[in-house]
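The structure under discussion appears below in the form of structure tokens.
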Amino acid sequence: MERIENRIARITSLAIRELYNSGENPENIQVKSTRKDQKGDYTVVTFPLTRISRKKPEETGTEIGNYLKTHLPEISDFEVVKGFLNLILADKFWVDFFNGIAGDLEYGHKPVHFDSPVVVVEYSSPNTNKPLHLGHIRNNLLGFAVSKIISAAGNHVIMVNLVNDRGIHICKSMLAWQKWGYGITPESSGIKGDKLVGEFYIRFDKEYKIEIKELISKGLSEEQAKVEAPIMKEAQDMLLKWENSDPETIELWSRMNSWVYEGFDKTYQQLGVSFDKFYHESETYKLGKDLVTAGLDNGALFRKKDGSVWADLTSDGLDQKLLLRSDGTSVYMTQDLGTAHQRFEEFQFDRHIYVVGNEQDYHFKVLKLVLKKLGFDWADKLYHLSYGMVELPHGRMKSREGAVVDADDLILEMIDTARKVSAELGKLEDFPVEEKELVNYRIALGALKYYILKVDPQKTMMFNPEESIDFNGNTGPFIQYTCVRIRSVERKAIEMSVKSGFGLTSDLELDPRESTLLKRIYQYPDILEEAGRSLSPALVANYFYELVKEYNHFYQVCPILKEPDTEKRDFRLALSKFIANHIQDGMGLMGIEIPERM
RNA sequence: GGACCUGUAGCUUAAUGGAUAGAGCAUCUGACUACGGAUCAGAAGGUUGGGGGUUCGAGUCUCUCCAGGUUCACCA
């Protein structure tokens, strides 16, 4: 069915033709939701139309308003304020709308067909030399939520993770473990695998710094010292051994990586994120060389005297970019060219989204340009979802120095806080231990996820571990609570054998709180579509916050089960039930679960 | 230095070029013996970093300056 905004625009266009004998495309007519502090549901902005009517805004608004009122039965009245024509819709419109959607558990979703667009979302993509931290949390939550949202918006989504499991960094951890590990394992120490490996990475850096200091005191420059430090040379030797498939090195490498994966799995599980497919750099790092060679042959790329291969991007306002070293080995960019190509062959995707921090803006700009240079038109389908860094009160996180908010620690802290608050409120006293823990977990993760996802992805966000997470106000638990309370009313209704009703109530007179809610709900499909288009879970978060606030206003003044008029009572119960389902579904898009009770 | 991003109440943040810039936290004042008070009603808090331009209309577009961040490796 045609959206009411479009209908208003279309009829307004007819009004202009009839009243002023002039044409104006419906697309050019601004119809928007009326501001909260004004009377009305939808507003036609008439400022721009005065140029056609050649009359004052007020007069133009009144004339068009009269026309709309007689030609659109849904419009019960209108009001003109300056250049704004505020239209009031009849209750019947909202009640009919509700009757059409009341039973829909996935309201607003577009179905995914076999020929729906295919979207690959790459996110998480960790290094295996250190555990996940707060920055990864934002990445993971964004990647997962965006995937769910575009899936609900009618796309076939494939979530992938490209694990960086090779390179000098993992060799550093391996070397430190050999030197100072004395055979320690996660099993022998009880330390989570990724944490254990991370500790050796930090240990390497510590020893490395000591060696640099010593060399500088012996008269070397800092740059020389960094290169000459024996421990760094050892690490580089190890990388060489790895590349030459030295059995002992490979064995240690796969052993330590397996520790890390076990650790990551636990963290992913706690965060509730998942992937359809994993890629490993150890298997992809040689990809892309063929593409570069081909580009060299057809003149898209060029070779310098020392044998290195470059792309010239100066005409695009960028620099020259190295693609193959003089010794013929490839760099990170080369591999990304290769994996993009591989994935296009594999999925024939319509869109490929990389969820990667904005510190790599340059990298992805170059990636697209080079692919285009190489003649791949599908480079336009690549999109870098560039999100802002997470900052702490004392500045940026530095993982080598251990100055990070660890993902697991943060989650534990959140659960701990949830426990304390629950205990203070005394809400869960009669719950079985298991349910109590589950509820605290869901509240904790709900708070964390909502807090991070409600911020526009592009923006740098501030995170104060002590103060940031609240359970009141614009928070996950606030939304969860509203839903849980409705569920409680539903249980009560069953006890009282009250049944929710819809479908027979077209003549119902609505309370303003009810029509406000219905108006909000009516907007949801547009919100979801926009969130999918702009890849912003924040839009979904904000929508549900507004909805929940409005529901709480309603709940405060409109009795549900105590309402004497049974038709009203049944309608309110049905509306509440719908909203609970709606919240549950929408929060699900952000990976937030609703407890049964809380 | 070049390129890109960000600047909104004390703090965390909203606002497809539209009306008096909207919330939450913190602060202050209130709510029937609760269909669940992790709620609700209210007060106070702003020159949207500064200045010019475009427009009937600018937090939003444009130019410039200021502040902060990221990036420009034969690292990933």
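All values below come from the heavy atoms of this structure, side chains included, with hydrogens, waters and symmetry mates left out. Throughout, a chain's letter reflects where its sequence line sits, starting with A, and its residues are numbered from 1.
Residues A:S386 and A:D361 bring a donor and an acceptor atom of their side chains to less than 3.5 Å of each other.
Taking the ring centre of A:Y555 as origin, the terminal cationic atom of A:R485 falls inside the region bounded by 6.0 Å and 45° from the ring axis. A cation-pi arrangement is absent between A:R54 and A:Y20, since the terminal nitrogen or guanidinium carbon is not both under 6.0 Å from the aromatic centre and inside a 45° cone about the axis.
Residue-level contact check: A:C558 touches the bases, meaning some heavy atom is under 4.0 Å from a base atom. Using a 4.0 Å heavy-atom cutoff across all strands shown, A:H169 reaches no nucleic acid atom at all. Counting non-hydrogen atoms under 4.0 angstrom, A:F84 reaches a base of the nucleic acid. Across all strands shown, A:E281 has heavy atoms under 4.0 Å from sugar-phosphate atoms exclusively, and none from any base. Among the atoms of the strands shown, base atoms are found under 4.0 Å from some heavy atom of A:P48. Within the 4.0 angstrom heavy-atom criterion, no nucleotide atom of any strand lies near A:Q335. Using a 4.0 Å heavy-atom distance criterion, A:V484 is classed as a base contact. At a threshold of 4.0 angstrom between heavy atoms, the contacts of A:K32 include nucleobase atoms, whether or not backbone atoms are also involved. Across all strands shown, A:Y362 has heavy atoms under 4.0 Å from sugar-phosphate atoms exclusively, and none from any base. Counting non-hydrogen atoms under 4.0 angstrom, A:V331 reaches the backbone sugars and phosphates but no base. Within the nucleic acid shown, A:D37 has no heavy atom closer than 4.0 Å to any nucleic acid atom. A:N129 comes within 4.0 angstrom of no nucleic acid atom, judged by non-hydrogen atoms across all strands. Within the nucleic acid shown, A:L573 has no heavy atom closer than 4.0 Å to any nucleic acid atom.
Atom CG in A:N474 sits roughly 10 Å away from atom P in B:A14 (whole-Å rounding). With rounding to whole Å, A:Q556 atom CD is found 18 Å from B:G30 atom P. In this structure, NE2 of A:H280 is placed 17 Å from C1' of B:A76, rounded to the nearest angstrom. The nearest whole Å value for the distance from the OH atom in A:Y555 to the P atom in B:G36 is 5 Å. To the nearest angstrom, C1' of B:G36 lies 18 Å from CZ of A:F471. In this structure, the NE2 atom of A:H384 is 12 Å from the P atom of B:U71, given to the nearest Å. B:C25 atom C1' lies 15 Å from atom CE of A:M462, rounded to whole Å. The nearest whole Å value for the distance from the NZ atom in A:K454 to the P atom in B:U13 is 8 Å.
Base pairing analysis places B:A14 opposite nothing; no Watson-Crick or G-U wobble pair with both distances below 3.5 Å involves it. Remark: B:U71 base-pairs with B:G2; criterion is Watson-Crick or G-U wobble with both hydrogen-bond distances under 3.5 Å.
Ion pair A:E546/A:K36 flagged as a salt bridge, since at least one NZ, NE, NH1 or NH2 atom sits closer than 4.0 Å to an Asp/Glu carboxylate oxygen. Under the 4.0 Å criterion applied to side-chain N and carboxylate O atoms, A:R3 and A:D526 are assigned as salt-bridge partners.
When the C1' atom is used for both B:A14 and B:G52, the distance is 28 Å, rounded to whole Å. When the C1' atom is used for both B:U48 and B:A58, the distance is 11 Å, rounded to whole Å.
Listed by chain and residue number, A:L425, A:Y481 satisfy the side-chain contact (heavy atoms from CB on, under 4.5 Å) test with A:K427 (two or more places apart in sequence, or in another chain).
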